[in-house]
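Below you'll find the structure, written out as structure tokens, and then a few comments.
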2 protein chains.
Amino acid sequence: MSEIQRPGALYQQVAAAIREAILSGEFEPDSLLPSEAQLMARYGVSRPTVRNAIAALRAEGLIDVRHGKGSFVRSSGQPVLTLERGVSRTRDGKFVMPSGDIWQEAEEPSTYRTRTTKATGRLLGLDVEEALFGCDRLLTDPSTGTRAMHRTLIPFEVAEAVPLLGQEPCKPSAALYWVLTQAGHKLTWTETVRARMPLPDERTTLRLPDATPILHVSRIAHGTDDRPLILEELRFGADRAELAYRITADRQPAQHPRS
Amino acid sequence: MSEIQRPGALYQQVAAAIREAILSGEFEPDSLLPSEAQLMARYGVSRPTVRNAIAALRAEGLIDVRHGKGSFVRSSGQPVLTLERGVSRTRDGKFVMPSGDIWQEAEEPSTYRTRTTKATGRLLGLDVEEALFGCDRLLTDPSTGTRAMHRTLIPFEVAEAVPLLGQEPCKPSAALYWVLTQAGHKLTWTETVRARMPLPDERTTLRLPDATPILHVSRIAHGTDDRPLILEELRFGADRAELAYRITADRQPAQHPRS
DNA sequence: TGACGTCACTTGTCCTTACGAGTGATGACT
DNA sequence: AGTCATCACTCGTAAGGACAAGTGACGTCA
């Protein structure tokens, strides 16, 4: 019925019309959109044009298409899982460490030895081709079904100085940080947050829907002597989880540790 | 030449072949890929199939296509701009505030009055339909050309108690936080980080390439009485900028009331 | 009643054809 | 030499047809 004329290509006009209908609430979340055939009739266009419009909306993350069933308005629900990335104490209250260890292991971790790449070397501030211990784990949060990929990288140099680290680089981060503190380090860490589209293998292992970016957190911990000790990387779909940083102004040092 | 057979659909096989060639470095970043016609000949498929494969690679953010020129391997460069979201002092060293005010105004800010939506209400912990001062600004970092959308929301209640706020809600955040501190508040804030695909208007105003997610930071500041004072939202393309949080373990309070 | 095959409906894949539109080089004309 | 039309190449858009594959309901048959 609604003849459209405005912006540019036909399929963009169709996409715009559907998008508007979705955003205005005419189509409720999780509801079924008209089928391709119906849209063809509705706008008087061919099937490729309709499919092109639908592809655009998929790329925007507005709809989900299920083979044999139809297109559904994606329930734009906010993330259900909030990862608190501040600090928290252990139960005995004696020790401060990075929080966020809600995860459970979904698969056997795989340990390996590797070398710094351009990206990891940049973060660690190391020369290229430095040797590292590595451990990759696939984590889940059972209560929400969220999945995440976790990687721990420890320079050989550090592992030699703190043997417990190299022996079990797959321990949850809290344990590793505890070991480091026991070894006399006062920890400071920096988290770098990036977002990007997933590679195909990340899409499958994280079970990501269409048009779902990945949040990629790199946490690098420095010790007392300002040397990088551990690099942790966490990757997860941005549809399910979000990050939270709690910052208290009057407690934070201005530039760097004073005491 | 290279006949392919493996996984599923033809176009996926073509996409996989090209993807592999890119990731293995056979095609250098910024280099020109074979044209659609060449790919048709190379893999013995029709143009829609080739275009479908190319569309998949675009959605992954692996390539950029320029009308009339061809497809180019996207230089997967890391973000060039790091937003330090910790705390920093003013020049006189007297006051601690959120850092990150490197931005310049790209357009006239627009002030308005609005009400809490479901999303903002949730963050502010307010009942729905509460009245707010709002200000939207378009910011740029001239040195890198990065653009960002910024929004400030201040509840009426707060603006009345601290009149300077409501009068000029468009001041950079540092100024607002300074005013609040002068009014006797000790500030604590929480930043929530999410990522999602941009809406069309965000794509255009932020000048985002294909398959580029948005990083969406919501900073909500609480005062001495634990009441929400200001909600700031910052949105920018994840291709250019990243976030950095510096955390020092032995200075941070142990725990905090969960919202 | 229960199991199963069929059918109608959906989206997925693939092909062919045609033309529009942006880009850059070539070459003719001034 | 400089200007500009033309042309060949690129990707973008749109239509048409055909068949495969997933889904669910309906009806038949044991």
Side-chain angles (χ1 to χ4, degrees), chain A residues 3-19 22 27 30-74 200 203-204 209-211, chain B residues 3-19 22 27 30-74 200 203-204 209-211:
Chain A
E3 293 296 328
I4 29 189
Q5 203 81 338
R6 293 311 158 57
L10 248 187
Y11 80 92
Q12 286 173 344
Q13 299 173 27
V14 175
I18 303 176
R19 184 189 303 115
I22 292 177
F27 293 118
D30 282 324
S31 69
L32 184 62
L33 286 179
S35 73
E36 293 180 358
Q38 289 170 327
L39 291 174
M40 287 168 64
R42 173 107 102 102
Y43 298 109
V45 296
S46 70
R47 188 157 173 235
T49 303
V50 166
R51 285 186 63 80
N52 215 343
I54 288 182
L57 298 175
R58 292 176 69 163
E60 294 172 24
L62 276 181
I63 65 176
D64 280 312
V65 180
R66 270 174 281 181
H67 189 176
K69 302 191 70 174
S71 304
F72 297 82
V73 179
R74 182 177 286 185
R203 274 207 48 159
T204 56
D210 277 342
Chain B
E3 293 297 327
I4 28 189
Q5 204 81 335
R6 295 308 161 54
L10 249 186
Y11 79 93
Q12 286 173 343
Q13 300 173 24
V14 174
I18 303 176
R19 183 189 304 115
I22 292 177
F27 293 117
D30 283 323
S31 70
L32 184 61
L33 286 179
S35 74
E36 293 179 358
Q38 290 170 327
L39 292 174
M40 288 168 66
R42 172 107 103 104
Y43 298 108
V45 296
S46 71
R47 192 162 168 229
T49 303
V50 166
R51 285 185 63 80
N52 216 343
I54 287 182
L57 298 175
R58 292 177 69 164
E60 294 172 25
L62 275 182
I63 64 176
D64 280 310
V65 181
R66 269 174 282 181
H67 189 175
K69 301 191 72 174
S71 305
F72 298 81
V73 179
R74 182 177 287 186
R203 276 206 47 158
T204 56
D210 277 341

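Every chain is numbered from 1, with letters handed out A, B, ... down the list of sequences.
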Check your understanding: Where along residues 55-69 of chain A does a heavy atom fall under 4.0 Å from DNA chain D?
Key -> A/H67, A/G68, A/K69
Review point. Which of these passes side chain to side chain contact (heavy atoms under 4.5 Å, CB included) with B/L33: B/I63, B/I54, B/V65?
Key: B/I63
Review point. Rounded to the nearest 0.5 Å, how far apart are CZ of B/R58 and CZ of B/R74?
Key: 9.5 Å
Exercise for review: Nearest whole angstrom, please: distance from the C1' of C/dT23 to the CG of B/L32.
Suggested key: 12 Å
**Study point:** Protein-nucleotide distance (B/R51, atom CZ; C/dC15, atom C1'), rounded to Å
**Key:** 15 Å
Review point. Does A/Q13 use its side chain to pair, donor to acceptor, with the backbone of A/G8 at less than 3.5 Å?
Key: yes
Close N or O pairs between protein and nucleotides 17-19 of chain C (under 3.5 Å):
residue, atom, partner, partner atom, Å
C/dA18, N6, B/R47, NH1, 3.4

Review point. CD of B/E36 versus C1' of C/dG22: gap in Å, rounded?
Key: 14 Å
Exercise for review: Could you tell me which non-hydrogen atom of B/A15 sits nearest to which non-hydrogen atom of B/L57, and how far apart they are?
Suggested key: O-CD2, 3.8 Å
Point to revise | B/D64 CG to B/K69 NZ distance, which is reported to the nearest 0.5 Å | key: 12.0 Å
**Study point:** 5' precedence on DNA chain D between A/Q12 and B/A37 (nearest-nucleotide basis)
**Key:** B/A37
Practice item. Drop me the distance from B/L10's CG to B/Q12's CD, to the nearest 0.5 angstrom. Key: 10.0 Å
Study note, to complete from the structure: Bounded by its outermost nucleotides with an atom under 4.0 Å from a heavy atom of chain A, the footprint on DNA chain D reads D/dT13 to D/dG24
Point to revise | Smallest separation among heavy atoms of B/Y11 and B/T49, with atom names | key: CB-O, 3.5 Å
Check your understanding: For the atom pair CG (A/L32) and CZ (A/F27), what is the distance rounded to the nearest 0.5 Å?
Key -> 9.5 Å
**Study point:** Distance (rounded to the nearest 0.5 Å) between A/S71 OG and A/L39 CG
**Key:** 7.5 Å
Review point. Heavy atoms, side chains only, cut-off 4.5 Å: are B/R203 and B/D210 in contact?
Key: yes
Review point. Is the phosphate of C/dC14, meaning OP1 or OP2, less than 4.0 Å from a side-chain N or O of B/S46?
Key: no
Review point. With respect to the phosphate group of C/dC15, does any side-chain polar atom (N or O) of B/T49 fall under 4.0 Å of OP1 or OP2?
Key: yes
Review point. Which atoms form the tightest heavy-atom contact between B/A17 and B/Y43, and what is the distance?
Key: CB-OH, 3.6 Å
